[in-house]
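A short write-up of the structure that comes next.
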Amino acid sequence: MKKLVILGAGTAGTMMLNKLVPVLDPDEWQITIVDQEPRHYYQPGFLFIPFGIYRPEDVVKPKRNFFPAGAEAVFGRIEAIEPDRNRVVLEGGRILAYDWLILATGARIAPEETEGMLGEGWRRNVFDFYTLEGATALAGFLEDWEGGRLVINITEMPIKCPVAPLEFAFLADWWFTKRGIRNKVEIEFVTPLSHAFTKPVAARYLGDFLQQKNIKLTTDFSTGSIDAANNRIVSWDEKEVGYDLLVAVPTNKGDDCIERSGMGDELNFVPTHKHTLLSKNHPNIFVIGDATDLPASKAGSVAHFEADILLENFRRAIAGRPLKEEFDGHANCFIESGFGKGLLIDFNYDVEPLPGKFPLPGLGPMSLLQESRINHYAKLMFRWVYWNLLLRGAELPLEPQMSMCGKRRVA
Amino acid sequence: MKKEIAGVTIDVDEEGYLTDRSQWNRDIANALAAELGITLTDEHWKVLEFIEKDFKERGTVPGIRRLNKVGGIPTKKLYELFPDGPVRKAALIGGFPKPASCV
């Protein structure tokens, strides 16, 4: 029997399991998936929790519900991967030997990396919204808040879902307006980037949005510490921004088991070939999703497009055939812009988000890089697609590679 | 684009980053630093030398966190040496390409 081990049963690991079980002969393959957390979180839904649009039960389901028959699921902490011995050591000493390993161990926020973030303000007037606990605590805070200075701060890049902090700002503007206290709230968006977003054309559109919504943009601010006693964030070069409510997007890191295994870079992300998804250091290890060090967005859509390429390359690898160098960094993200509207962006390693129509050129129905109601409804409907199709490995009518059809080049 | 500096002509992109590192030398680095208002000291050179070594090994300019964790340069010190955007400035002075923007 050949052994395949998948580490991590989040979006990427679960999709891969569902794609691989039907194509690998059960008489030849033993497949095991490992995760320490029995609950599956629909992470894109966390954004909506602070504003009462989703409740915690909308974004959590048991992981087991999404595992196909024919694979063993192990819930437990990964002590270490020993790639030179082709085995994984689990909590309690259980050893999983493998012929092939797929790393889908994801990324997490690491507030402990910033001095003062976990100090006296944490979950009192300093919150994250990248965990269910953080998003729920923030919902409770906002319920009673009467206004003041809201600062949204990205500590450092890269982060999961790089548009989410902007969406939070847009939704906050809408939510305070709806509650009739927008005039009592100052919103400031503080980023280490030189613009509102990483990609220039989208940065211009999104920067204009911030301005229209009266959200102050502060760029080139690299957060060094949080002075919770005085309610201010302090940059490495000693600039300061004061807040009454800080919504922090902390440093993101790969899983600690990657560090314990000595397999990651300085943020525990695993060096990965950007077009094949094979590990750069081990010829029988593939890496997918947020766990990689690829210069692509850390987002479920990227993992989804990677999964198609990884399935193909896994089948090639086990047959001893050359890998396809096909992954192009494709990402596709809805951006909530508040007031029941949204934007959509579609891009890859080489082509930044551009305006146009999607998925059908000229017709849409969704608009790229432009506000519309249908984009907002599509985003809300996507939760159903995620639980019912995407995680289960179903084919979606989207090609893994990005297409220029329907996009307009702009100066 | 061509640029005259330290008595020689170098090729740079529109933002001033060298496009051919074989043209780079220490005199050029000192002159580029001076244009940014920086006088290079041994501490600056320690940073530039780590970037050079890391760039040769990995093909990319290391970020602030890597300079700290692997290069042993405290982030605060890095900002003192190269104010406002230390990696961008160090890369420009050291003759490296502009650091890839994050995604």
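Every chain is numbered from 1 and lettered A, B, ... according to where its sequence line falls, protein lines coming before strand lines. Not measured: the values here are computed from a predicted model.
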Query raised in the report: Could B/K69 and A/E113 be called an ion pair, given the rule that one side-chain N must be under 4.0 Å from one carboxylate O?
Result: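 Salt bridge between B/K69 and A/E113, a charged N being under 4.0 Å from a carboxylate O: no.
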
**Report entry** Interface moiety of A/D237 toward chain B, non-hydrogen atoms closer than 4.5 Å
**Finding:**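 Backbone plus side chain of A/D237, per the 4.5 Å heavy-atom cut-off to chain B.
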
Requested in this report: Step through the shown structure and confirm whether more than 12 heavy atoms of other residues, nucleotides or ligands are within 6.0 Å of NE2 on A/H195.
Outcome: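 Count not over threshold, so no.
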
Query raised in the report: Within a reach of under 6.0 Å around CD of A/E115, are more than 12 heavy atoms found that belong to other residues, nucleotides or ligands?
Result: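 No.
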
Requested in this report: Tabulate, in ascending numerical order, the residues of residues 28-37 of chain B having at least one heavy atom closer than 4.5 Å to a heavy atom of chain A, or enter 'none'.
Outcome: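 Checking residues 28-37 of chain B against chain A gives no residue, so none.
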
Report task. Select all residues of residues 76-95 of chain B having any heavy atom within less than 4.5 Å of some heavy atom of chain A, and report them by number, or 'none'. Result ->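 Within residues 76-95 of chain B, the residues under 4.5 Å from chain A are B/K76, B/Y79, B/D84, B/R88.
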
**Report entry** Euclidean distance, A/E266 CD relative to B/L67 CG, rounded to 0.5 Å
**Finding:**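 Answer for the CG-CD pair, B/L67 versus A/E266, is 9.0 Å.
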
Query raised in the report: Side chains of B/I64 and A/E156: closer than 4.5 Å at any heavy-atom pair?
Result: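 No, every pair of side-chain atoms sits at 4.5 Å or beyond.
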
